[in-house]
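Worksheet for the structure shown next.
All values below were derived from every heavy atom in this structure, side-chain atoms included, with hydrogens, water molecules and symmetry-related copies excluded. This one's a predicted model, so the numbers in the text were calculated from it and none came from an experiment. The sequence lines fix the lettering, A, B, ..., with proteins before strands; numbering per chain opens at 1.
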Amino acid sequence: MPYTIHEIKRIEKKWQEFWRDNKTFKAEIFGDKPKYYVLEMFPYPSGKIHMGHVRNYTITDVVARFKMMQGFNVLHPMGYDAFGQPAENAAIKRGVDPSSWTYSCISDMREGLTKMGFSYDWDREFATCDKEYYKWNQWIFLKMLERGLAYKKSSFVNWCPSCDTTLANEEVINEECWRCKAKVEQKDLDQWYLKITAYSERLLDDLKTLDKWPSRVIAMQSNWIGKSFGVDICFREKDTNEPLTVFTTRPDTIFGCTYVVLAPEHPLVDKLIKGSKNEQDVRQFIDKVKKESKTERASAGNKKQGIFTGRYAINPVNNEAVPIWLADYVLMDYGTGAIMAVPAHDQRDFIFAKEYKLPLRIVIEDPKRRDLKENELEQAFVDEGALVNSKQFDGLNNIKAIEKIGSWMEEDKIGKVSVHWRLRDWLISRQRYWGTPIPVIYCPKCGTVPVPEKDLPVELPAKIRITGEGGSPLNYVKEFVIVPCPECKGEARRETDTMATFFDSSWYFLRYCSARNGAQVFDKKEAAYWMPVDQYIGGIEHAILHLLYSRFFTKFFKDLGMIAFDEPFTRLLTQGMVLKDAEVMSKSKGNVVDPDLIIDKYGADSLRLFILFAAPPEDQLEWNDSAIDGSWRFLNRVWNLVEYKFKKEAGFNLPSELDKEDKEFERIRNATIKKVTEDLSVGLKFNTAISSIMIFMNAIDKYKVTDDDARKQAILNLSVRTMTLLLAPFVPHFSEELWQALGGKEKTVAFSLWPEYNEASLAQESIQVVVQINGKLRAKLDVSADISEEKLKQFVLSDGKVKDFIQDKPVRKFIYVPGKLVNLVI
RNA sequence: GCUGGAGUGGUGAAAUUGGUAUACACGCCGGUCUCAAAAACCGGUGGCCUAAACAGCCGUGAGGGUUCGACUCCCUCCUCCAGCACCA
């Protein structure tokens, strides 16, 4: 049969149906095989799959199929992260029901995934908007509530005016909404939070155990959690003796403190200014700052605003009275909301002090400019140096002084060594319809009452009006809102906020282990067998959000005693973006390449091969319309090879006698197996694995077999079979078809054994030794592989070309790298 | 500013971790086949230098260093990408 797109389409369809009908990739617990759980980040079903999905899932599929062939019991599931705003926006725009819109998108996605030939266990498929799934979201929430890890509080929250809902800190990117890019505002609201900060220490510490995660993801999470060591220092207000605690990571500069600054929202402010002569001005200032959004406050950049409260604080180390100021550059939600200002050694304090003409005091000497005076400073001195003006600590190196002064303060009870975190609790309330209802009821008598477990799930009411205005649409569904209190049976109101969708995706990998279990969130035994995920693959955009939340949930489940491990994902690969014309593919830029059209022209296997071959998986991938022709051509050549050169009758047995050419050919076969196996095992280097198969292909092409030479034909056949097996994870439909043509014993190539190589066959009889003279390449000599160093030296020195270079100069050194090169130093 | 990463042919990228720089592919050039084109196949392809081969010289962002030998290690600098950012 000729290699045509028509033929390819027929083959791909045939095998997709075969895999589906035979449940080829159904995963079950087996005792006799090691397990391997490979997982991609499940998609948001917004329509058809795009190139980013194709890349992500192709990479994952190769790992899954490779592990299957290696004899692992592989779990490779797929599902949909199906709650979220696009469904609701579609409802507002087109009047469709979010549920039917979502399920119709899911069916499009499923079709796209099937066409790529991915090896999923479809029996475990679910969508997070299935009530069988979100029931367990509610169950988890109730468990957290029980343990005080879910709580409601009123505070300023990130508010997206365009999505008309709140956002978690992690969802705010550059002060913009991560989804719609609208400027985020601050709003004072009563909202549900998850106490992820209770896990700060473990989330940070356990990063150390994730040695198979990309270093940048570790760094990003570590920065995000943001642990700072320092000292809480207790100042006191001069007249009232009211304590005023500041946090600093630089206790070494305490003697340089010339004023103290509170955040305008600081709870002490009211007391401080009451009755003072500038009370009115200060109140005006606070109002002004409060009205500003975080964005405006930050966009001021270096320009800092502040006001003097009229009060003074006593610095406990020297009993000096320093003025207490308020300033917009001090944030209430970090540290203690109050700082000691050391303008000589902190650039922000320096700018502020210059602006408001506050005094400076140098307490660390610049080693290069010892005689520097305060009024000569052009910027804060922030480098290392010896302490001055610091009483008994004078002369001490400031880095060493950090610890010394900290413990001295602790002894004298004027400060306390402390740790502060950047991580905040996770705001999960969303004022939207298409999400998991938060399972609590507000009763005028009993207060906040959790929905009893037996009443779960709290179902989302169907067929409701969504306008996008006036807050959560659920507020207007009377049957949903007005309910009897579970405790006193009196009339009560149901919570109408839904959960952030990142809640749904924080534990879906556990649900796959027992996706059809109706009685439990997941089956402990199944989870113990499959988890943790051995290889997780997805986009870098989830480096903080999803991966941090999932780690938090996993630790929570461990604390519940449901699992025994601390981390959900052993190995993580973050695949690069797919670009076109040096830009990320996106609808708005109009540079998307539709996978469907490519499949239609080249077939799924060519697409898979191109995507894997064009770049390492972590790197960005530049789409190239003509490079995919190369993938097509390569498969075409393999196809023709089987069509014209392979002769089934000759079998696959390696003859006992091999001539020189045969041995070299066998060496390439074994070397290719070794290279592909290593590339797939160690670093997921698909591009170099494929290139080595191409080299192998070129060698097979050159290997001459005459029609009557059954011996050589068997050697060739063996190589063709090896190549088919090596190709199977990359181009599964194509390989299944070849495998049939080759008369493969097993039903499918997917569960055939991965080929093994013979170390002895890798040895070469003769090798090429490179001769360098003074490090420069001068000659290449063929010698037998087992030549002794002494013999080689004689051989090299007798070579005519080498002689010409050496002439009569003495050879000072003879360096020999066995099997590779010699270097003569003359 | 801090953190993480990257700079190699016309292009995507290799390089056994200190040992032949540019594998494999795309593109381009030439050829075979064809009335012609496409497809397919074969050959060439870092730069300079001679008509060409040989030989030679240069060449992995820049400059220095270590070494018999550096894309790889060290120092200084430049550029780009990503994340965080008034976090005290």
Taking atom [atom2] of [N] as reference, at what distance in whole Å does atom [atom1] of [X] sit?
X: A/R608; N: B/A25; atom1: CZ; atom2: P; answer: 21 Å
X: A/E541; N: B/C84; atom1: CD; atom2: C1'; answer: 17 Å
X: A/D629; N: B/G12; atom1: CG; atom2: C1'; answer: 14 Å
X: A/I690; N: B/A23; atom1: CD1; atom2: P; answer: 18 Å
X: A/N640; N: B/A40; atom1: CG; atom2: C1'; answer: 8 Å
X: A/D328; N: B/C86; atom1: CG; atom2: P; answer: 11 Å
X: A/K702; N: B/G43; atom1: NZ; atom2: P; answer: 6 Å
X: A/E618; N: B/G12; atom1: CD; atom2: P; answer: 18 Å

At less than 4.0 Å, is any side-chain N or O atom of [X] found next to OP1 or OP2 of [N]? Yes or no.
X: A/N823; N: B/U67; answer: no
X: A/R633; N: B/G27; answer: yes
X: A/S692; N: B/C24; answer: no
X: A/S631; N: B/A25; answer: no

Using atom [atom1] in both nucleotides, what's the gap between [N] and [M] to the nearest angstrom?
N: B/G9; M: B/U17; atom1: C1'; result: 24 Å
N: B/G65; M: B/G30; atom1: C1'; result: 47 Å
N: B/G27; M: B/A21; atom1: P; result: 29 Å
N: B/U32; M: B/A37; atom1: P; result: 11 Å
N: B/U60; M: B/A6; atom1: C1'; result: 14 Å
N: B/A55; M: B/U67; atom1: C1'; result: 28 Å
N: B/A62; M: B/G69; atom1: C1'; result: 22 Å
N: B/C2; M: B/A85; atom1: C1'; result: 8 Å

(request) With syn defined as a glycosidic angle within 90° of 0 and anti as everything else, classify B/U17. (result)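 With its glycosidic angle within 90° of zero, B/U17 counts as syn.
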
(message) Please classify B/G9 as syn or anti, treating any glycosidic angle within 90° of 0 as syn.
(response)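 Syn, angle within 90° of zero.
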
With sugar-phosphate meaning primed atoms plus P, OP1 and OP2, does [X] contact a base, only sugar-phosphate, or nothing at under 4.0 Å between heavy atoms?
X: A/I695; answer: sugar-phosphate
X: A/R812; answer: nothing
X: A/V770; answer: base
X: A/G335; answer: nothing
X: A/P616; answer: sugar-phosphate
X: A/N636; answer: sugar-phosphate
X: A/E622; answer: nothing

(request) Hey, which sits more toward the 5' end of RNA chain B by its nearest nucleotide, A/A219 or A/D619? (result)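 Final value for this comparison: A/A219.
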
(request) Using heavy atoms to find the nearest nucleotide of RNA chain B for A/Q768 and A/S626 separately, return the residue whose nucleotide is more 5′. (result)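 Counting from the 5' end, the first nearest nucleotide belongs to A/Q768.
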
(request) Report yes or no: do A/W426 and A/E170 form a side-chain donor-acceptor pair below 3.5 Å? (result)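 Side chains of A/W426 and A/E170: no pair found under 3.5 Å.
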
(request) Would you please say whether a donor-acceptor pair under 3.5 Å links the side chains of A/S228 and A/Y334? (result)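 Yes, because at least one side-chain N or O of A/S228 sits under 3.5 Å from a partner of the opposite role on A/Y334.
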
Would you tabulate the side-chain donor-acceptor contacts of residues 811-825 of chain A under 3.5 Å, counting partners in other chains and residues two or more places apart, or write 'none'?
residue	atom	partner	partner atom	Å
A/Y816	OH	A/G819	N	3.4
A/N823	OD1	A/G775	N	3.0

(request) Summarise how protein sits on nucleotides 55-60 of chain B as a single string, 5' to 3': B when a protein heavy atom is under 4.0 Å from the base, S for sugar-phosphate-only contact, - for no contact. (result) SSSS--

Between [options], which nucleotide gets closest to the side-chain atoms of [X]?
X: A/T688; options: B/C26, B/A40, B/A15; value: B/A15
X: A/R637; options: B/C68, B/A82, B/C41; value: B/C41
X: A/K820; options: B/U20, B/U16, B/A40; value: B/U16
X: A/K813; options: B/C68, B/C26, B/C84; value: B/C68
X: A/R422; options: B/G19, B/C84, B/A88; value: B/C84
X: A/S215; options: B/G5, B/U20, B/C26; value: B/G5
X: A/K304; options: B/C86, B/A85, B/G4; value: B/C86
X: A/I544; options: B/G19, B/G83, B/C86; value: B/G83
X: A/F613; options: B/G83, B/G12, B/U3; value: B/G12
X: A/A627; options: B/C26, B/A13, B/A88; value: B/C26

Please confirm whether the backbone N or O of [Y] pairs with a side-chain atom of [X], one donor and one acceptor, at under 3.5 Å?
X: A/D349; Y: A/V342; value: yes
X: A/T672; Y: A/F696; value: no
X: A/Q347; Y: A/A380; value: yes

Less than 4.0 angstrom from a charged side-chain N to a carboxylate O is my criterion; do [X] and [Y] meet it?
X: A/D333; Y: A/R424; answer: yes
X: A/K793; Y: A/E790; answer: no
X: A/E678; Y: A/K685; answer: no

(request) Quick one: which residue pairs count as a side chain to side chain donor-acceptor pair (under 3.5 Å) with a foot in residues 686-695 of chain A, not counting sequence neighbours? (result)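 Checked against side chain to side chain donor-acceptor pair (under 3.5 Å) - neighbours excluded - the pairs reaching residues 686-695 of chain A are A/D679-A/T688.
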
(message) Per the side chain to side chain donor-acceptor pair (under 3.5 Å) rule, what does the pair list look like for residues 211-222 of chain A, sequence neighbours excluded?
(response)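 Qualifying pairs: A/Q221-A/R551.
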
(message) If a pair means Watson-Crick or G-U wobble with both distances below 3.5 Å, what does RNA chain B look like in dot-bracket form, with | marking bases paired to a different strand?
(response) (((((((..(((......[....)))((((((.......))))))(((.......)))..(((((..]....))))))))))))....

(message) Restricting to side chain to side chain contact (heavy atoms under 4.5 Å, CB included), what partner residues turn up for A/E403, sequence neighbours left out?
(response)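 A/E403: no side chain to side chain contact (heavy atoms under 4.5 Å, CB included) contacts found.
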
(message) Any N or O donor-acceptor pair under 3.5 Å from the base of B/C84 to the side chain of A/N223?
(response)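 Such a pair does not exist between side chain and base.
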
(message) The test is ring-ring contact (aromatic ring centres under 6.0 Å, His included); show your working for A/F610 and A/W632 and say whether it passes.
(response) CA-CA 9 Å; A/F610 164 72; A/W632 170 271; over 10 Å; no

(message) Is the shortest side-chain heavy-atom distance between A/L244 and A/L262 below 4.5 Å?
(response)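 Yes, their side chains come closer than 4.5 Å.
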
